[in-house]
Each structure stands twice: as structure tokens, then as C-alpha cells.
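The chains referred to below are lettered A, B, ... by the order of the sequence lines, with proteins before strands, and numbering in each begins at 1.
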Amino acid sequence: MRSGLFFAALLAVVAIVPAAPALEPSEELANPALEARAEAIGGELRCLVCQNESIEQSNAPLAHDLRLLIRRHLLAGDTDKEVVDYVVARYGIFVLLDPPFRPVTYLLWLGPPGLLLAAGLMLWRRARRRGGAPPPPDLSQEERTRAAELLGGRS
Amino acid sequence: MLVEIGHFALILAFLVAVVQGVAPLLGASAGVGALMDLARPAALLQLALIALAAAVFVHAHIVSDFSVLNVYETSTRNLPLVYKFAGTWGSHEGSMLLWVFMLALFGALVALFGGALPSRLKARTIAVQGLLGCLTLAFILFTSDPFVRIFPVPINGRDLNPILQDPGLAIHPPFLYFGYVGFSITYSFAVAALLEGRIGAAWARWVRPWTLVAWCGLTIGIALGSHWAYYVLGWGGWWYWDPVENASFMPWLLGTALIHSAAVVEKRETLQRWTVLLAILTFGMSLVGTFLVRSGVLTSVHAFAVAPSRGIFILAIIALVVGGALVLYALRAQSLETGSPFAPVSREGALVLNNVILSAGMATVFLGTFYPLFAQLASGVKLSVGPQYFDRTFVPMLVPAIIAMVIAPTLHWRRGRLGAAVRRLAPALAGAVLAPLVAWLFVPPAPWQAFAGIALAAWAMLGVLTDLAERGGFMRLSPAAGWRRLRRLPRGVWGQSLAHFGVGVLIAGIAVSTAWRSERIATVRSGDSLKIAGLTLNFAGVSETDVENYREQRARVVVERPNGESYILHPERRWFAVAQTSTVHTAIATNGLADLYLALGDPDGKGGWVLRAYYNPLVPWIWFGALIAALGGLVSLTDRRLRLRLPQARSAAAIAAQKAEPG
């Protein structure tokens, strides 16, 4: 559940199943280092049946199963990458909240820096087209005072 | 009978909106004053009719008239009165009614208070607003009629969605919609100006207050929504880059850019074309925000298939409103004069940078939000774009804008000197270097981004204070003289300073709460205790009672401070029998610097309860910051009004104050 869902609920489009979220104490691993790794991995994986939550935050039975699965694999000695690869192999890249850099996501990842670059280039070319002569400096303090006096207080 | 009157009023409002949208436009282009004069009464009548319809709708909810389908679906007999009232905008139909009410309200406000506007521009603005009203009212009447009856009349309703039964529902949507819809008036002004073919300082001076009003509403609306999410979700988070959150954030980003670019148009008569484009796109994003999210297209592509008429209607409205304005823009923008030149390092230059970054940031949020949809349509690949994406693209993008935010107000128009500005801001720069160092020495280790955030927050807050101190001349004059000078500063400068300071507070809140939050999750029984951030939480059991339309499970947790003082918190769960759902009601103790946040989880069936405890340092600053920024917007508004009404009142004193400031 996230705030977004409030709006969605406002719109009465999505059915909502609110309750306390996520990870339950009984699932936690005894080894704190392993548990921290499990939580980090869980935070990167999307709960497949929810709106937009990671499996660490989700309440759904599927998320519960996945949390246990991650912990089982970690206990068996898998590396973080192996665990993630295992889940991706089963559910596809849809489970990755952090989208990988692949042809299908080139536009996604290169879009923002590309936009900034394009905007910068456009501004630079515009500035050059305007010619090398920069505009004259603004009025000096004395000129400003004089102008204010000449305008008689109607600036 | 009453319900049918409401329905009829809505149909009449649609017809009036047609007149309001067509007659003044014809009058303005043909030069027929009588037709132009229709704008004002039509705008007022449209508002009155929609208000009547809304009143009837609210009445049906309050008396629980279950013969109205919408009341049956979203209310129940023993629902508390405040939620019977607030629940009127808790459904799709009701929220559309609120939306169109705001639209008519803004049109009527221009009709009433736009006295100083040239009559043609005013007539055209109100007419465009009328056309927007036409579209929305048609949408409501044809696809989302709130007054549909059912027969036989049910005995009881199906209850308002429990998660909406919260005071947040009463205040958050009205503010959000006020903001969304407020940008409609900027849009109408922009389209009217394109029709006129002229945009100057005067236009910007009329548009800016309206933009500011809308921006303040949206800022408060988003902050309230985020806070609501925070205290009700039960996991201590406050923003997740969810499509629906992004939908409200996108118009906010463009609206913020718009305020700044309109300032350039007003002061320097340049950037007119860009400002008009921005005004169109800002409202376009508001439409995307309210409508597209509502259609469900973002969370599921199948939503269109579920309610095809609604979805296609929505797309048509967006295409017409944004596309139509852009076509007009393409035809007319060339005729708008281009303004006076300026150097890259100047107040204008800094504001252009601000605009580029805010717009690119908006585009990034847009890309991240809609990419899953595009990818699936284009290549059939299902993918997710989570918070990690936005943290990595959007957040770093904003850093230069925040650095520039502090420098910009100290630069001259046309041509500034960066060196002088940095010297002027030396104390802030020193603070930005020292603050993270001090934090690094005294707090537990954290990722470097947290310290970067602290540096940025210190830079923003101290930068504003340094600038004010310079303007007051505290370094050269006595404190008393400095205060006098500060008091004479235009309200606009105060508003800007407050808003920028608020951004600094917000960044501090985000950085510190993200890096140094701590959490404990445990199954506890009566008598157990839990330690978090130096506090001891003693769990003293759960009591159950029936309240109004729900059953309440209320825990009692005694929190002991290290010095032996203690206080009691009551995290709750509520079970709603009619809706068959339960909600979490967190208990939060805050001292303005940190929150202790408790959420009661499920019982384990053996007398134990899951208790989640979070300690979130500086998290309240996130909402303080947003509110300070919104307050800055309001303060700026008072300046504008004074100047509009009394242009001669800018006495010698004001000029003396202006001499002191660089710009």
C-alpha cells in the first residue's frame, strides 16, 4: 500500500486490501548479516500481485513466499546475484523494481541525460547565434538612483 | 425529486458553459461588445448551477439516500457525519463534481476580480475556461453521472472504503484539486494570449498571482497526501514514486518552472513563448494527473477495456485540450516578440537553468511513470520502474537547480558576476562544507548521499539567511537599521526567501530521515518490552471495543525516555464489518525533530501481537519544508495584490529598499 493508492482508492478503481505491511518477525533470519542481505534483495524485487510495492513491504501471500524463498537460498549459500537471477528466471524482468540496462530500456535510462544534453546544446547554440557581443551591463548603482529620481517614485 | 433537480442543474450548467465558451470568443474576434459581455454572467451562472448540483449531491450523501447509486456504493447508515460529507468526493463521480466545481470557481473568480484586465483578454480567458467546463461537464454527464438512481432502494450502503475514512480525506483532495484545476486559469490565459497574439509584462503580471495560488494549493495538497500516506500505511515511508504520486508531482514541477519563467516575462519581457508553452503543458499534466490515473491505464493496460467509453473520452479530452492549444501555439508563437538579450550568467540565465532542469525532471518522471506502458505496447515486455530509477535519474538532476536556487537571487538581471555572488554567499558556502563534516563526526556512519544532502540543505537554508542579512546590511549597519531595511523589502522577496528556505528544510528532512531511520519489528505479549533509539517501549496489551461503524483493537504502549519520563501511545487496528477490511492506525509521537512511529500488526493467535516501531529523525521537516514553501507563495501573493491595486504606493521608501538589493 502506498499513498498513490489513496488517490486510486479515491477513484474507486482499485480494490484495496489494507493491513499491516510486510515482513513478519517469524520470517527474519537469526544471522543479522544474512537478514540484511535478504532485506536488501527483497527491496529490489517487486511484489507481482500488488500495485507497486517491493516484496519486503507487501502483505500478499506471494510476497511472503518469495521472502522465504530468498532466505532459503541465502542460507544455502547463494550469492545475492544468484538469488536475484533465480527469481528473474522464473518471473521475468518485471520483478526488478530497478530496471536493467537492456535494449528495451535504453530509452528509459538514456532519456533523462539525453534531454539535459539536448537542452544544453540548444541553449549553447542559441547563445552563439546571438553573437559574441554580450549585452551591456546593467545600470550602475548611481544610474539606478538617478533613474529613480527622474521617474519621481513611479518605478 | 431533489436529486433530479441536481441532475437538471448539471445539464443546465453544461448548456451555460457552451454559451460561455462560444459567445465571448465570437464577440472578441468580431468586436461585438454585447457578446463579450456574456462572459461574466455566464461564468457566475455556471458556478451557481454546479454549486446547486454539488449541494444536492452532498445532501443525498448526508441523509443517506441509498436510491442514489453513488451513495449506496460509497456510504453506509452509521458512517460518521464528517465522512458522509467528505465521502462525496471519495468516489470517481463525486471527485469529478469537485473538479468541475473548482473549474467553474476559477472562471467566476476571474469574472469577478479581473476588473483590471483588458476586456478582450478577459472575455477570451473566461471563454476558454468555459470550453474546459463544457468538456468536463460532458464527461460527467455522459460517462460519470453522479445522480444515477437504483431500484429497488437498498436498505443499507456498502460503506466508504475504510482506508478513506480518515480526516485526510476531508482536506487532502480539495487542496490537490484546487491546485490541479488552478492551473486551468493559467492555461486559459495562455490560450487567450495566443488568440490576442500579444504577450507582455502586463500579461505576466496578471497570470502570476493565479499561478501562485494554484501552486500553493498543489504544494499543500501533495504535502498532505504524503503525510496521510505516512501515518496511515504503517511502514514509515512517505513517498514511493508511485504513478499516482508522480501524477501530482509532474504538474507541480512544471508549475514551479512556470512561476519562475513568468517572473522573467514580467521583469524583462523575454521568454514569452516558452512561458506560454509551459502554461499549456502544466495544465496538460494536471489533466494527465487527474484523468489518466483515474482511468486505471497506469496500473493496468486493461482498464480501457473495462470502461472503454470513459477511457476514450478521457483521451479525447486530453488530445483536444493539449493538442488544440499546441496547434494554436504553432500557428501564433512566431508572432510573439522575442525579448531583450541576456548573458548566460545573469538572473535570467539562472532562471532558464531552473526551467531547463525542472522541465527535464518532469520529463524524467513522465518517462519513468509511463515507460512500462510504452514498453509493453511497443515490444510486449513487461517491466517495472521502481523508486530506484527515480533516485538515480531525477534526484541528481535536481542538485544543480538547488545550487543555482541560492545564487540566482543575488545575480543582476541581464548580466551578473558569478564571483561577486559567490563572495556574497561565502558564509553559506562555509556552512555547506562544515555541516556535513560536523554530522560525519557526531552521527553513525551513512551513505555519502546523506552527507551530500546535508550540505545541500545547509547551502539552501544558510544561503537564504545570508542573502537576507546582506539585503538588510547587517554587516555594515546597526541591527536596528538592518531590521528596518528588511521590513521594507517587497513581499515578493520575502515570499521567495521563505519558499527557498522551505526547500532547504525539506531536503534536510529527506536526507536525514532516509539515512538514519531505525526500525524494530517484533512479536510482543503483554509485559514485553522493545528498545529503539534509546527509548524503551513497554507493551501493555490490546483492548477491543465497538465504535461507530468499526471494531477497534487498541494497544497500549508505555514509552520510557532514558531520563525516566514516560508517555503512552495507542497504535490501533480497525475492522470494518460492512466492507470486510481492516485498517492500521499508527501512533506517532513527534517533537518536531524526530518521530517515534508505532504500528500494530496482526495477532499471532497465541496472545502475541506484531509491533512495528520506527524512529524517524527529522521526518517532520519534510512537511514543514513544504508548508514553509507554500507560505512563501502566499506571502508573494500579498505583494502582487498590493502592487496591482496601488501602483503609486511604491513610495520613496520602497525605492530606497530596492536600491539596496542588487536586482
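- Considering B:T88, B:N70, B:T74 as possible partners of B:E93, the one that fulfils the side-chain hydrogen bond (donor to acceptor under 3.5 Å, both in side chains) test is B:N70.
- In this structure, chain B has heavy atoms under 4.5 Å from both the backbone and the side chain of A:L107.
- If you measure heavy-atom distances from B:Y371 to chain A, the contacts under 4.5 Å come from the side chain alone.
- Residue contact with chain A, scored on non-hydrogen atoms closer than 4.5 Å, involves the side chain of B:R392 exclusively.
- Contacts of A:I93 with chain B are made by both backbone and side-chain atoms, with heavy-atom separations under 4.5 Å.
- No side-chain heavy atom of B:Y230 sits less than 4.5 Å from a side-chain heavy atom of B:W239.
- A:L74 has its side chain within reach of A:I41: a pair of non-hydrogen atoms, C-beta onward, lies under 4.5 Å apart.
- At least one side-chain heavy atom of B:S248 sits under 4.5 Å from a side-chain heavy atom of B:Y180.
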